[in-house]
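Structure first, then comments.
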Amino acid sequence: MAALLGAIIPAQGRKTPKKISRETVTVPSVTPQVIAVKTSHTQLILQVDGRGTLQTLHYGAPAGDPSQFMDFHFGGNHNFGAPTAYPAAGGTFNGQEALHVLYPDGSQNTELYYLGHESAAQGGVITTTIHLKDYVTGLEVDLVYEAHQVEDVILMHSVIRNAGKKPVQLRNFASSSLNLVADNYLLTHFHGGWATEMQMEQTLLTHDTKVLESRRGTQNTQGNNPSFLLTLDRNFSETSGEVVAGALAWSGNFRISFEIDQSDRLNIVSGISPFASSYPLAAGDSFTTPDMVYTWSNEGAGGVSRNLHRWARSYGVWNGGNVNPTLLNSWEGAYFSFTTETLLRMIDDAAEMGLEMFVLDDGWFGLEHPRNDDKAGLGDWEVNINKIPEGIDFVASYAHSKGLKFGIWIESEMVNPDSNLAQEHPDWIVQSPGREIYQSRNQWILDLSNPAVQDFVFGVFDRTVSLSPNIDYIKWDSNRRIMSFGSPYLGQEQDRFFVEYMQGLYKVFARVREKYPDIAIQCCSAGGSRVDYGSLRWFNEFWTSDNTDAISRVRIQYGTSLIYPACAMASHVSAVPNHQTNNVTSLKFRFDVACAGRLGMELQPKSLSAEERAMADRCIKSYKGYRDLVFNGDLYRISSPYDGDYYSLMYVSEDRRRAVLFCYCMRFQNHSIGSHVFRLQGLDPSLRYKITEQNADKSCWWGNGQTFEGAFLCEGGFNPCFREANTSAIFVLESL
Ligand code: DGJ
């Protein structure tokens, strides 16, 4: 028995190991150097050490002459002490990896060494590309840092190239790895489901790993949004302290993981989730990861939000900062039940109220399988002439004749089983052999990894736009996530599915934009289930949530505002009792909440009383007077709906001469106490501002119409009188 224990028993089928050669590949030594990636007010400092390892030393405020970082180390063993800038599984590394590669011989070690780097400037952006290589396998990685100077935003992504002769498998292929040093790290992130998007959650990170992830395939922002804020060394503050914000520009599965190591350093690895996606990379091929958008500010959460918003208006959102029209959307006012007559009368009412566009939502298509509810018709994009015998052009032209633009809804990524498309192209549906294709909202999802499906989805957009020369806007919806994942098109290569599904969708977006740069497009996914900087570069705006209740919207819009800009945040006034929550609030309160984004209405205008109509006219008119601030001003959140009874925010023009202030009383507890004091921000202390309340018969502020110094408003405060929950006020401030 004892002898048996010591004997080697060959496992069945396993080959006798070859004699191993112990020759090691020599990595050429390099001259140590520091590489600084700078924006106007931030610095990312990287170091190449003598072995050629690229390390991250600093991200935050400018820390003087970068050469002082030369030979900087974090203690311990110099070579292994400083955090690796893009850690790969293997070598001396055993933290969380950004890259993990399986090579054809079964080995899984990668060690990346510095080859060289270069920088190029274009406009306000300096791009630094650092080339790394694994000398054993030949695998190459470029780390690309796009430093947006004025906005203080740095985009990071990697390009992984298989320079070997055989295919490799990418098991983890993150966009970036970033290291921060602080005594503690307060993570703010955003969770939500349908109708509860962007709910803020906060947690103090502890040692070990915290992961934000989506494995839904699409509808990636239901659950977690791929974005966060990290407050360093203090409590969450809007106005002061160091904060780093990050947002991944990817609409598919993502993973952002935070790990604090033994030395209390934080490492953040972010990118596409490797879930079911061990991605094959053929010899000579390369894989480009999506951008991770980072910013830093020492002006608290307000500072990083403003940086992100400025960047988004210039780069992150299609035509960001352009004023998108106010609109009436047919959905909550008509749902699937309408005729041409219904639509024309809604258009009349929208025009009378001073709105600027009418959007025909779901329900206009499907002939053999009419879209009279959500059970049929998706996929069959011909006009339902039983509902609209005169056709779309007739309705769109009517809208134009009334001075309105016209928009129309599509959901081209989906198919109802009850449709001609499902019968004609069963192989276009996401599915796994032999398994049930699960339905969600009675629909299946089309396989965007298949180029024929990409052509079809593009064709839906193309054909819809060609229904009338008067189509100005498309609402692009997508109402379910991926289940039973798999692609008949990809055959044996199912590992590619999640990544190529999203790349396929992006190809369609790019084609759409190439052909239709001027059509405004809204990104909708059962409300806000696809609100990320991956999609927004092709979309003018997003549908923030199907929850149109102003009470819920306050939190949803607050969370959204921490990362995404108001110019893209669609916000609609709907009927009461609210269709999602049953809550009843005043029309004024509903307008005051919706006016903090791109204002729209989504109800049957005929249901409004004459008084309410007059109120609507007034709110829409006044909104047009200050909306340039909502679209392009700097956002200051004065108080948070999470902290107390009041929420308040303001948008301030770049020259600080004009501002619009929104105040909401969310809970009223006591008649005997005085008014709540809001301390304004962003104003010029030395300027005098005239303050005019909007949308009200009777002002709720004693100083309405008078002028005050910016210093008084910011330091002394501003105290409108609210005496009930769910009341609100909007004030325009204009310097004299
Ligand atoms: C979900 C969207 O979020 C709604 O606004 C509406 O367009 C419906 N889909 C239509 O089916």
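Note that the structure is a prediction, hence the values are computed from the model and not measured. Scope of the values below: all heavy atoms of this structure, side chains included, with no hydrogens, waters or symmetry mates. All ligand and atom numbering here is 1-based and tracks the order in the structure.
- If you look at Tyr438 and Trp444, their ring centroids are not closer than 6.0 Å.
- Here the two rings, on His579 and Tyr335, have centers that are under 6.0 Å apart.
- In terms of protein heavy atoms, atom 11 (O) of ligand 1 is closest to Asp362 OD2, 2.6 Å.
- Taking the six-membered ring for Trp and the full ring otherwise, Phe539 and Trp318 have centroids separated by 6.0 Å or more.
- The side chain of Asn479, and not its backbone, has at least one atom closer than 4.0 Å to an atom of ligand 1 (non-hydrogen atoms only; side chain from C-beta on).
- A centroid separation of less than 6.0 Å is found between the aromatic rings of Tyr642 and Tyr558.
- Residue Gly527 places at least one N or O, backbone or side chain, under 3.5 Å from an N or O of ligand 1.
- In terms of protein heavy atoms, atom 7 (O) of ligand 1 is closest to Asp361 OD1, 2.7 Å.
- At least one N/O-N/O distance between Arg441 and ligand 1 falls below 3.5 Å.
- Checking only distances, Ser525 never comes within under 3.5 Å of ligand 1, N or O to N or O.
- Nearest protein neighbour of atom 4 (C) of ligand 1, counting heavy atoms only, is Asp546 OD1, 3.3 Å.
- When heavy-atom distances to ligand 1 are checked against a 4.0 Å cut-off, Ala526 comes that close only through its backbone atoms N, CA, C and O.
- Ring centroid separation for the pair Trp331 and His572 does not come in under the 6.0 Å cut-off.
- For Arg371, no nitrogen or oxygen atom sits less than 3.5 Å from a nitrogen or oxygen atom of ligand 1, counting backbone and side chain alike.
- Aromatic ring centres of Tyr473 and Phe406 lie farther apart than the 6.0 Å criterion allows.
- Under the 4.0 Å criterion applied to side-chain N and carboxylate O atoms, Lys588 and Asp592 are assigned as salt-bridge partners.
- Nearest non-hydrogen protein atom to atom 9 (N) of ligand 1 is Asp477 OD2, 2.7 Å.
- Counting protein heavy atoms only, atom 5 (O) of ligand 1 is closest to Lys475 NZ, 2.7 Å.
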